[in-house]
Amino acid sequence: MTASSLHKAAPVTQAHISLTRFLIEEQRAGRVNAELRLLVEVVARACKRISIAVAKGALGGVLGEAGEGEASINVQGEAQKKLDVIANDVLLEANAWGGHLAGLASEEMDHSMPIPDVYPRGNYLLLFDPLDGSSNIDVNVSVGTIFSVLRCPEGVTTPADEDYLQPGTAQVAAGYCVYGPQTTLVLTVGHGTHAFTLDREVGSFILTTRGMRIPEETKEFAVNASNQRFWEAPMQRYVGDLLAGKDGPRGKDFNMRWIASMVADVHRILTRGGIFSYPLDSKCAAKGGKLRLMYEANPMSFLVEQAGGAASTGRARMLEVQPTGLHMRVPVFLGSKMEVAAAVAYHDAHDAASA
Ligand code: AHM
Ligand code: MG
């Protein structure tokens, strides 16, 4: 084969579409405005910095607890890791000065924070879980950043906590960045869910899946089964039937996965289907659940619905839940549409029988 025939045989490589180009094209198509586009770019840039810190691990001195004893306990009553604090600081610093936001709220902070007076204030509110899956940081398993964008209510210039209490249907953008073998940003601005992989040499997020679709049916579920004895009756029955496999009422064998990083579990579901659940249990019932509506459940539910999946508390569509507090917790079922409907049906049947 000659050099020129080799050249002819080479596949035509499609130009890479960076996140920047993708967002500019979305803006031209009228699906995102300039302010929201720049806001997403700033969040993505912060995620790159967090990705670098996570990847350094022990070499960067970033592993372990943030402080000793009480000093490391956050608003959630959980011990903060050094990387929780680093990720939170990176997101706060990156988003304070851009002029797109009126305020920020973080899973790691007691209250929301208006943009400081020294900077111009914009029209949006940003909520984030800076580093989800904290228990996995020190053991080198995937963790991630989750974010949600709301509009600042009309006429509000200094947003307070109550200005953030909007249902998930009001989100204008949501996404997560998973720090795994690859760093992948998954984004929706309400027109499909799209994945961008970080090209570390170039330093850009490159579009790798346009329009992610979650298969409607699945044979895979994700739950922390060690909580089984604390679950409500309908959850016990639902998982019991999944485990009964081919010989049980569901008539098929199911596989189980649990990473204990919601971002990584949801990423698998967006990629190949499945159902993710963190149900109500008697340990977390007083708080309403384990996972947080505003920082975890709502952004993930928006992404999942935009990819053709479903998301529920077991009793209501997640995105329609009216938040009552910034740190409100909820039970979560999300993923393949038919499987979420099946889980909801167990709750419906139980509630109808006990009514
Ligand atoms: P975090 O935000 O403090 O990391 O907690 C949320 C995480 C989710 O990522 C994950 O699904 C869940 O907690 C794991 O909980 P458990 O340790 O009970 O399995
Ligand atoms: Mg979290």
Side-chain angles (χ1 to χ4, degrees), residues 47 50 54 62-66 72-88 91 105-110 126-148 168 174-180 184 186 220-231 235 239 256-270 274-304 311 313-314 318 325-335:
C47 289
I50 298 169
V54 169
V62 295
L63 302 186
E65 312 265 302
S72 75
I73 304 297
N74 68 3
V75 60
Q76 313 290 340
E78 296 157 352
Q80 275 184 317
K81 302 279 185 182
K82 278 186 200 159
L83 269 171
D84 283 324
V85 177
I86 293 169
N88 195 56
L91 281 157
S106 164
E107 190 189 289
E108 298 295 334
M109 306 191 312
D110 297 19
L126 177 69
L127 301 98
F128 50 82
D129 178 354
L131 207 61
D132 180 69
S134 307
S135 70
N136 281 320
I137 293 173
D138 293 347
V139 292
N140 200 2
V141 171
S142 300
V143 289
T145 299
I146 311 173
F147 65 94
S148 161
Y176 64 79
C177 188
V178 57
Y179 311 113
T184 304
V186 177
E220 202 159 64
F221 69 102
V223 72
N224 182 342
S226 71
N227 292 325
Q228 188 254 342
R229 69 187 189 284
F230 304 111
W231 293 338
M235 185 63 185
V239 174
M256 200 197 85
R257 285 284 181 276
W258 184 249
I259 303 175
S261 277
M262 189 189 196
V263 271
D265 278 313
V266 171
H267 193 65
R268 183 188 61 254
I269 286 167
L270 277 162
I275 181 169
F276 170 91
S277 59
Y278 211 112
L280 205 58
D281 65 44
S282 56
K283 288 187 299 172
C284 63
K287 292 179 178 169
K290 154 104 184 190
L291 298 177
R292 273 93 358 174
L293 176 66
M294 312 289 288
Y295 313 106
E296 294 165 329
N298 269 347
M300 291 310 202
S301 298
F302 191 17
L303 291 162
V304 161
T313 63
M318 188 66 71
L326 212 45
H327 298 290
M328 177 180 175
R329 297 178 190 240
V330 281
V332 176
F333 295 84
L334 56 78

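Start at 1 and go down the list; that is how both ligands and their atoms are numbered. Please read these numbers as outputs of a predicted model, since none were measured by experiment. Values below: every heavy atom of this structure, side chains too, minus hydrogens, waters and symmetry copies.
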Flag [X] as yes when one of its N or O atoms lies below 3.5 Å from any N or O atom of ligand 1, and as no otherwise.
X	value
S134	yes
G133	yes
S135	no

Subset of ligand 1 atoms that lie under 4.0 Å from at least one heavy atom of [X]:
X	value
N224	16 (P), 18 (O), 19 (O)
M262	8 (C), 9 (O), 10 (C), 11 (O)
S261	9 (O)
E296	2 (O), 6 (C)
D129	2 (O)

Could a heavy atom of [X] be found less than 4.0 Å from some atom of ligand 1?
X	answer
N136	no
F276	yes
A260	yes

Which residue and heavy atom of the protein sit nearest atom 6 (C) of ligand 1, plus the separation: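 The answer is D132 OD1, 3.4 Å.
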
In the protein, which heavy atom is nearest to atom 1 (P) of ligand 1, and how far is it?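 Nearest neighbour among protein heavy atoms for atom 1 (P) of ligand 1, to 0.1 Å: R292 NH2, 3.8 Å.
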
Tell me which N, O or S atom from [X] is the closest to the Mg ion (ligand 2).
X	result
D129	OD2
D132	OD1
E296	OE2

Verify, without hydrogens or angle tests, whether [X] (side chain) and [Y] (backbone) share a donor-acceptor contact under 3.5 angstrom.
X	Y	answer
D132	M262	yes
T145	P130	yes
T313	F333	no

Pair N227-Y278, side-chain donor/acceptor within less than 3.5 Å: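 The answer is yes; a qualifying pair exists.
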
Step by step, would you call W258 with F276 a ring pair (Phe, Tyr, Trp, His ring centres under 6.0 Å)? CA-CA 9 Å; W258 184 249; F276 170 91; 5.5 Å; yes

Tell me whether the count of non-hydrogen atoms from other residues, nucleotides or ligands lying under 6.0 Å of CG in N140 goes above 12.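 Counting neighbours around CG of N140, 12 or fewer heavy atoms of other residues, nucleotides or ligands fall under 6.0 Å, so no.
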
